[in-house]
Amino acid sequence: MRAPRNYFVLIILLTGVLCQAQPTSESEVMAVVQSIFTGMASNNGEMVRQAFTTDAKMYTIVVDDAGKVQKREGSLEQFIQRVSQEKEQPYSEPIWNEKVQIDRQLASVWVDYAFYIGNSFHHCGVDAFHLMKTEGGWQVFHIVDTRRTEGCTVPEKVQALYR
């Protein structure tokens, strides 16, 4: 009769450990994503580079003048070069509504964002990141975003930062 009770205690302990492990992984994943935005705001291309795998792919979903939805591929190297350049006004991309999903070595992050140049609103949209857990930690291997200038619902607390 003792053996089943010990198994029950072991299962409860393991469940508690597993439940506690998930938030740590989510915070690790979000720290990588946030490092991209921190690097952008501080012109730190190396910080941005470290967040990505060397073969990462970048895309933007756009609607062309004819109304056709298209996927435009970006260049990680060009992005890093733009981030690294000194600018008259900083680029800021505050995010909210973070949704993180993790399955072992794969993570997905979906966030709403607004893009500001200095204190001026430029556009908003959604960023969707795919990350993989490498020997060095979580890294982005794929990112896709949408961009629009109309229909943006930026939270008041975010807007207040740029007044």
Side-chain angles (χ1 to χ4, degrees), residues 21-155 157-159 161-162:
Q22 189 70 12
T24 301
S25 293
E26 286 183 11
S27 63
E28 290 170 1
V29 167
M30 281 308 300
V32 172
V33 169
Q34 192 59 53
S35 75
I36 296 168
F37 302 120
T38 301
M40 285 173 57
S42 62
N43 300 329
N44 188 336
E46 191 53 39
M47 178 184 287
V48 172
R49 182 185 308 281
Q50 290 175 8
F52 289 91
T53 62
T54 57
D55 60 347
K57 298 291 184 186
M58 304 178 80
Y59 297 95
T60 298
I61 304 301
V62 296
V63 178
D64 67 16
D65 293 337
K68 184 177 178 184
V69 177
Q70 297 195 8
K71 170 185 72 172
R72 292 199 182 141
E73 186 169 359
S75 163
L76 179 60
E77 283 307 312
Q78 287 177 357
F79 177 64
I80 291 170
Q81 286 175 7
R82 271 194 318 271
V83 165
S84 299
Q85 295 171 349
E86 288 294 322
K87 299 163 200 61
E88 287 184 34
Q89 298 183 65
Y91 290 175
S92 301
E93 193 167 327
I95 60 174
W96 63 94
N97 289 338
E98 299 92 349
K99 296 170 186 78
V100 180
Q101 294 185 333
I102 300 172
D103 181 35
R104 299 180 186 198
Q105 295 82 24
L106 172 67
S108 172
V109 176
W110 180 282
V111 298
D112 293 313
Y113 76 90
F115 187 80
Y116 288 85
I117 299 175
N119 286 336
S120 298
F121 174 81
H122 191 266
H123 65 272
C124 72
V126 168
D127 288 326
F129 300 86
H130 284 114
L131 298 88
M132 61 185 283
K133 186 140 191 191
T134 66
E135 289 180 9
W138 289 100
Q139 288 186 296
V140 176
F141 68 89
H142 180 259
I143 179 175
V144 63
D145 69 88
T146 62
R147 298 177 192 176
R148 63 184 177 279
T149 55
E150 297 176 359
C152 298
T153 307
V154 180
K157 68 179 183 180
V158 171
Q159 292 180 41
L161 297 171
Y162 299 94

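One-based numbering along the sequence shown.
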Met132 side chain reached by Gln105 side chain, heavy atoms, under 4.5 Å: no
Atom pair CD/CE of Gln34 and Met47 - distance to nearest 0.5 Å: 10.0 Å
Spatial distance of atom NZ (Lys87) from atom CZ (Arg82) [nearest 0.5 Å]: 9.5 Å
Distance, nearest 0.5 Å, that separates CD of Gln89 from OH of Tyr116: 13.5 Å
Distance (rounded to the nearest 0.5 Å) between Gln81 CD and Leu76 CG: 10.0 Å
Nearest heavy atoms of Ile102 and Ala107, plus distance in Å: CG1-CB, 4.0 Å
Residue pair Glu77 / Arg49, side-chain heavy-atom distance below 4.5 Å: yes
Which atom of Ile61 lies closest to which atom of Val144, heavy atoms considered: CG1-CG2, 3.7 Å
Any donor-acceptor N/O pair, Ser35 side chain to Val32 backbone, under 3.5 Å: yes
Nearest heavy-atom neighbours spanning Pro94 and Ala114: CD-O, 3.0 Å
Verdict with supporting geometry, Val29 and Phe129, side chain to side chain contact (heavy atoms under 4.5 Å, CB included): CA-CA 10 Å; Val29 167; Phe129 300 86; over 6 Å; no
Residue pair Met30 / Ile95, side-chain heavy-atom distance below 4.5 Å: yes
Non-hydrogen side-chain atoms of Tyr113 and Asp145 separated by less than 4.5 Å: yes
CA sep, side-chain torsions, deciding dist, call: Ile143, Tyr59, side chain to side chain contact (heavy atoms under 4.5 Å, CB included): CA-CA 6 Å; Ile143 179 175; Tyr59 297 95; over 6 Å; no
Point-to-point distance, once rounded to the nearest 0.5 Å, from NE2 of His130 to CG of Leu106: 6.5 Å
Met40 side chain reached by Phe79 side chain, heavy atoms, under 4.5 Å: yes
Smallest separation among heavy atoms of Ile36 and Val48, with atom names: O-CG2, 3.7 Å
Heavy-atom closest pair, residues Cys152 and Phe121: SG-CZ, 3.6 Å
Side-chain heavy-atom pair Asn44, Thr38 within 4.5 angstrom cut-off: no
Lys99 and Glu26 ion-paired at < 4.0 Å: no
Given Lys71, Arg147, Glu73, Gln70, the one that forms side chain to side chain contact (heavy atoms under 4.5 Å, CB included) with Thr60: Arg147
Check: Val33 and Glu98 side chains under 4.5 Å, non-hydrogen atoms: no
Backbone of Gln139 reached by a side-chain donor or acceptor of Thr53 within 3.5 Å: no
Taking every non-hydrogen atom, the tightest pair across Val140 and Ala56: O-CB, 3.7 Å
Beyond-backbone contact of Trp138 with Val109, side-chain heavy atoms, under 4.5 angstrom: no
CH2/Trp96: more than 12 non-hydrogen atoms of other groups inside 6.0 Å: yes
Tyr91 side, atom OH; Phe37 side, atom CZ - distance, nearest 0.5 Å: 15.0 Å
